[in-house]
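Since the structure comes first, as structure tokens, the remarks are kept for the end.
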Amino acid sequence: MADEQTITLRANGPYMVQGPVKLMDADGQEYTLENEIYMLCRCGESSNKPFCDGSHREAGFQAESEAR
Ligand code: FES
């Protein structure tokens, strides 16, 4: 895995986080992550926040995902 960290907006979906990035909760506790690629919910519908559980599809979430 590269040392570079990347966050990619998936079309009408989550943020895809790649690379060795620590994910911390509001109390400063670090999430245990099983790999260096994970999806963070940006639609607000996931029942497994902060991670995406695919609920954005059923919710019909739409968002711009193109850099300008
Ligand atoms: S972005 Fe996938 S459940 Fe929210």
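In each ligand, atom 1 is the first atom listed, and ligand 1 is the first ligand listed.
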Okay, side chain of [X], backbone of [Y]: is any donor-acceptor separation there less than 3.5 Å?
{"X": "N35", "Y": "I37", "result": "yes"}
{"X": "R42", "Y": "G13", "result": "yes"}
{"X": "T32", "Y": "E30", "result": "no"}
{"X": "S46", "Y": "F51", "result": "yes"}
{"X": "N48", "Y": "D53", "result": "no"}

List the steps, then state whether ring pair (Phe, Tyr, Trp, His ring centres under 6.0 Å) holds for Y38 with Y31.
-> CA-CA 12 Å; Y38 52 93; Y31 283 88; 8.8 Å; no

Using a cut-off of 2.8 Å, find all protein N, O or S atoms closer to atom 4 (Fe) of ligand 1 than that distance.
-> C41 SG, C43 SG

